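Report on one structure; see the data block that follows.
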Protein chains: 2
Amino acid sequence: MANRSDTKTRILDAAEKLFAERGFSETSLRLITSKAEVNLASVNYHFGSKKELIRAVLARYLDVFMPTAADAIVAVRNADANASLNDIFSTLVNPLLDLNQVRADGTTTFLQLLGRGYIESQGHLRWFITTHYGKYLSLFVKAVGESAPHIPPAEMFWRLHFTLGTVVFTMASADALTEIAAADFGEHNDIEAVIRKVIPYLSAGVSVPVNKDAM
Amino acid sequence: MANRSDTKTRILDAAEKLFAERGFSETSLRLITSKAEVNLASVNYHFGSKKELIRAVLARYLDVFMPTAADAIVAVRNADANASLNDIFSTLVNPLLDLNQVRADGTTTFLQLLGRGYIESQGHLRWFITTHYGKYLSLFVKAVGESAPHIPPAEMFWRLHFTLGTVVFTMASADALTEIAAADFGEHNDIEAVIRKVIPYLSAGVSVPVNKDAM
DNA sequence: TTCAATTTAAAACACTCGTTTAAATTAAAC
DNA sequence: GTTTAATTTAAACGAGTGTTTTAAATTGAA
């Protein structure tokens, strides 16, 4: 029996789950192919290399998320030219949650993959994302900057990277944190609850007035 | 020639530099021992295993930083019982910068190691830090909590992890970010400048009032 | 049905890793 | 100065990695 439900898709589905859980370099091709119930060599046949598989896994999400997120931001700014930072960040919630309709647990998986991607792999993934999705990133940066015009560009550069760190780290360990929160505080959060917790934190940090003494 | 300036120290010095730069699992013992100009087997002879070497590298910093940081926080709270969140965070700056006197580039190295430690290695490092330095961590959490009494404990749990993510991610990529900032904005930041930039961001995020609608 | 292209399969390749072994060397104790 | 313990050395081990190769099976079109 060949091509039962597409070997390529079976590999991608197994790989994204394992990559999100354990990171890229900690996930071997042998583990992926055994979970996907396909032959080891089929990864190199269909994708060329492990690096290209990683990029394919991320592209499957980015190709969906980036355009819808960009559309949402454009729409919000057309409706309200003075949209707040909180509005801009909140705009991303729905495009993120929509990923759950693309695939089960899509939102969590995507955010964890993004986190792993920025934490690991110095080169090829950063390059892949910025060259393939750079125009969307520029749009996001522009929207945030214009919603907090009292922050100079250089300061905003740092704060957006602080923000990236917050999101990436939180999402990469979201499962563990949710478990601890449930055990210690009886809270039962899903990924949407965590997203809605982090947004006010980010908005406050990004827009806090710059202290000239500390520069 | 044996024992030229202590093999153990040579290993620790080479290891901490490489670990901070490339992460733990990306740094092989062969690379460490070649940089340290010692024999490969000496790592296992002096430290037992790579895991124990990693812990020894971190302990050398934590043993210095944790007590002085705790003392500083106790002192600030004795001087001003209503110390603000910004005060608490700022109190950590000097203990951090003092690490530059322990070793060249000590502050950056320590923060990057801490970042790598929390990002990588699911188990043994988290366990090592919480069991060996738990009392200091509790003191920090208590001080922060009491400086922002309007934030419920469960919410504070999440915000402190957001904060951890910001710090860890920023420090792990501090070198790259500083370079970009210099190229794009003509800013020339050292590690102290980055620390002083991040503190107001963190204080604002941690202390922003909780929006009941979003819970 | 035949034939060529695609896909799967099993095995081996070449390499890196942390660790261990056993001999050689050095430093310390008597 | 001899003996004893600590340290350093070189070599090998065993397990794991991504990738390539070779051949077999399967597919779709002629």
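Bear in mind the structure is a predicted one, so any value in this text is a computation, not a measurement. The figures that follow rest on heavy atoms only: side chains count, while hydrogens, waters and symmetry mates do not.
With hydrogens and angles ignored, no donor-acceptor pair under 3.5 angstrom links the side chain of A:R30 to the base of D:dG16.
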| request: Apply side-chain contact (heavy atoms from CB on, under 4.5 Å) to the pair B:I73 and B:L92, showing each step before the final yes or no. | output: CA-CA 8 Å; B:I73 285 184; B:L92 298 177; 3.9 Å; yes

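Residue contacts shown for B:T33 are absent, as no nucleic acid heavy atom lies under 4.0 Å away. Heavy atoms of A:T27 sit under 4.0 angstrom from primed sugar atoms or phosphate atoms, though from no base atom.
The separation between A:I32 atom CD1 and D:dT19 atom C1' is 14 Å, rounded to whole Å. In this structure, A:R10 atom CZ and C:dT7 atom C1' are separated by 15 Å, rounded to whole Å. The distance between atom CG of B:L29 and atom P of D:dA15, rounded to the nearest whole Å, is 19 Å. Counting to the nearest Å, the P atom of C:dT19 and the CG atom of B:N39 are 15 Å from each other. One can place CD1 of B:I11 at 14 Å from C1' of C:dT19, the figure rounded to the nearest angstrom. Here C:dT8 presents its C1' atom at 15 Å from CD of A:E37, a figure rounded to the nearest Å. The distance from atom CD of A:E26 to atom P of C:dT16 is 19 Å, rounded to the nearest whole Å. B:K8 has its NZ atom 12 Å from the C1' atom of D:dT7, to the nearest Å.
In this structure, B:F162 and A:Y201 have perpendicular ring planes: the angle between them is above 60°, well past the 30° mark.
Other residues, nucleotides and ligands place more than 12 heavy atoms under 6.0 Å from the CD atom of A:E146.
The side-chain hydrogen bond (donor to acceptor under 3.5 Å, both in side chains) test applied to B:K17 returns B:E21, not counting sequence neighbours. Under the side-chain hydrogen bond (donor to acceptor under 3.5 Å, both in side chains) criterion, A:R60 pairs with A:D13, A:E16, sequence neighbours left out.
Aromatic rings of A:F169 and B:F169 (six-membered ring for Trp) have centroids beyond the 6.0 Å cut-off, not under it.
Counting heavy atoms from C-beta outward, B:F24 and B:L113 have side chains that approach closer than 4.5 Å.
Contact check of residues 40-55 of chain A against DNA chain D (heavy atom, cut-off under 4.0 Å) returns A:L40, A:A41, A:N44, A:S49, A:K50.
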